[in-house]
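Report on one structure; see the data block that follows.
Per chain, numbering begins at 1; letters A, B, ... match sequence-line order.
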There are 2 protein chains.
Amino acid sequence: MPAAGPTRGASARSKRADAVRNQQTLLDAAAEVFVTSGIDAPIRQIAARAGVGLGTLYRHFPTRADLVTAVYHHQIEACAEAGPKLLADAASPFDALRQWVGLFADFLVTKHGLADALQSDSDRFATLHAHFLDRLMPVCAQLLDAAVDAGEIAPGTRPYELMRGIGNLCIGHDSDPRYDPRRLIELLLRGLRLP
Amino acid sequence: MPAAGPTRGASARSKRADAVRNQQTLLDAAAEVFVTSGIDAPIRQIAARAGVGLGTLYRHFPTRADLVTAVYHHQIEACAEAGPKLLADAASPFDALRQWVGLFADFLVTKHGLADALQSDSDRFATLHAHFLDRLMPVCAQLLDAAVDAGEIAPGTRPYELMRGIGNLCIGHDSDPRYDPRRLIELLLRGLRLP
DNA sequence: ATCGTAAATGGAACAAGGATCCGCTTTCAG
DNA sequence: CTGAAAGCGGATCCTTGTTCCATTTACGAT
């Protein structure tokens, strides 16, 4: 992987230093604002927090999804990398699946409004949706396949559907203390299991 | 139940005829617009379709949730009344529960965006949410209790959580052909069942 | 060191939708 | 018939997203 550092000798005008700086500033500001005001915070608020103009924000992140994707990029990676690791370490493929689903759910649940955004009916978050799927669906598929091969669950459950279902169940977890997605996710997994 | 008719002899100025007429016109217009443009259609569009001013719409239905609730009121009633009926007719309580959940899911799925609205993170739809719960949760509770008493499912699953889960699973069903909430709901019910 | 220019910037300006307010109109009890 | 309360409509304001462009800045070339 090419270092993301200065890379001074690049061809043409590589990238202006102020642009790099601003991009990072925006990322930091967005992360803070997402925590306090949720993922749907006004664009202006983020730009203001970063101390840059609206145009600058739009230049670096044309859509809100791009910004969200960038902010949570490393956490998505971590979740993706945990899949094979769990498969190798867990007592059984099904156990690995359960643990991974737990990680995935935790990720969605701890980021205020992330789950909501992911399933947003419009395509305002199409990029985010796509990135999640590209990176995570293969991991989920691998876990499912392993569990099927081990005879622990019935074949026929598609990774997309499962991930989407988990994501949906995580929506609005914080709006009512009576609702805990984890219990329902556990039920879903029980339903998956072969008798 | 007191008749909703003219009720001419009521005390004081009962209710002006034009107001009643407009309310009905708005309801009809909203129903049409919801079908074509979804539940999030601009308020202006509904007022225009009804041929009334914005002020009139806001007077009759202060929030969007009020309008939605009114439009779907009779369908909510039908769903509520189906509960006891199914319990009496079905082969077993669990079967009744399964059928009722099917009805509930169908309702949410056929109304473009209803499920989304119900779980909307903000409280823009608080009224709608409350009405759904008031009317339907007791029904769900009755079905769950019956299934528990019959020894078909384990106790401990709360009606609120189940309904909310079903609702969440129905979100965005039409945004991707690969996603069919019914399969996941079936999985959830399987997970509920005692071994 | 300075210079020319493409990249980057900031924020004014426009669009869309929700909510409010108030002068005018309609209804209807007396 | 009449007056006043209820109802009406849409102009207006607010918030938020999005675009656009005159100005500023960094930096490779000279």
Gap between atoms CZ and C1', on B/R16 and C/dT27 respectively (whole Å): 4 Å

Strand-adjacent residues in residues 19-33 of chain A, judged by heavy atoms under 4.0 Å from DNA chain C: A/A19, A/N22

Short side-chain N/O contact to D/dC8 OP1/OP2 from B/H60, under 4.0 Å: yes

Pair B/R124 + B/D40: basic N to acidic O under 4.0 Å: yes

Where A/A90 and A/Q99 come nearest, the two heavy atoms and their spacing: CB-NE2, 4.1 Å

B/N22 side chain to B/T25 side chain, donor-acceptor N/O pair below 3.5 angstrom: no

Atom pair distance, as rounded to whole Å: NZ in A/K15 and C1' in D/dG28: 18 Å

Derivation and outcome, side-chain contact (heavy atoms from CB on, under 4.5 Å), residues A/I46 and A/S37: CA-CA 10 Å; A/I46 297 168; A/S37 308; over 6 Å; no

Value in whole Å for how far the C1' atom of C/dG18 lies from CD1 of B/I39: 17 Å

Give every donor-acceptor pair under 3.5 Å between a side-chain atom in residues 134-147 of chain B and any protein atom, sequence neighbours left out.
residue : atom : partner : partner atom : Å
B/R135  : NE   : B/E77   : OE1          : 3.3
B/R135  : NE   : B/E77   : OE2          : 2.7
B/R135  : NH2  : B/E77   : OE1          : 3.0

Under-4.0 Å side-chain N/O to phosphate OP1/OP2 contact, B/T56 with D/dG9: yes

Whole angstrom value for the distance that separates P of C/dG18 from CZ of B/F61: 16 Å

For nucleotides 19-21 of chain D, list the nitrogen or oxygen atoms of the protein found under 3.5 Å from its nitrogen or oxygen atoms, one pair per line.
none

Distance (rounded to the nearest 0.5 Å) between B/L67 CG and B/I43 CD1: 6.5 Å

For nucleotides 14-16 of chain D, tabulate all protein N/O to nucleotide N/O atom pairs closer than 3.5 Å, reporting atom names and distance.
none

Rounded interatomic separation in angstrom, taking CG from B/D66 and P from C/dA19: 11 Å

Spacing of B/I46 atom CD1 relative to C/dG18 atom P, expressed in whole Å: 9 Å

Donor on one side chain, acceptor on other, B/T69 and B/R64, under 3.5 Å: no

Ring pair (Phe, Tyr, Trp, His ring centres under 6.0 Å) contacts touching residues 129-156 of chain B (sequence neighbours left out): B/H73-B/H131, B/F107-B/F132

Atom-pair distance (CG on A/D18; P on C/dA6), nearest Å: 17 Å

Flag if over 12 foreign heavy atoms under 6.0 Å of CZ, B/R183: yes

Which atom of B/E161 lies closest to which atom of A/R178, heavy atoms considered: OE2-O, 3.2 Å

Within residues 143-190 of chain A or reaching into it, pairs that qualify as ring pair (Phe, Tyr, Trp, His ring centres under 6.0 Å) - sequence neighbours excluded: none

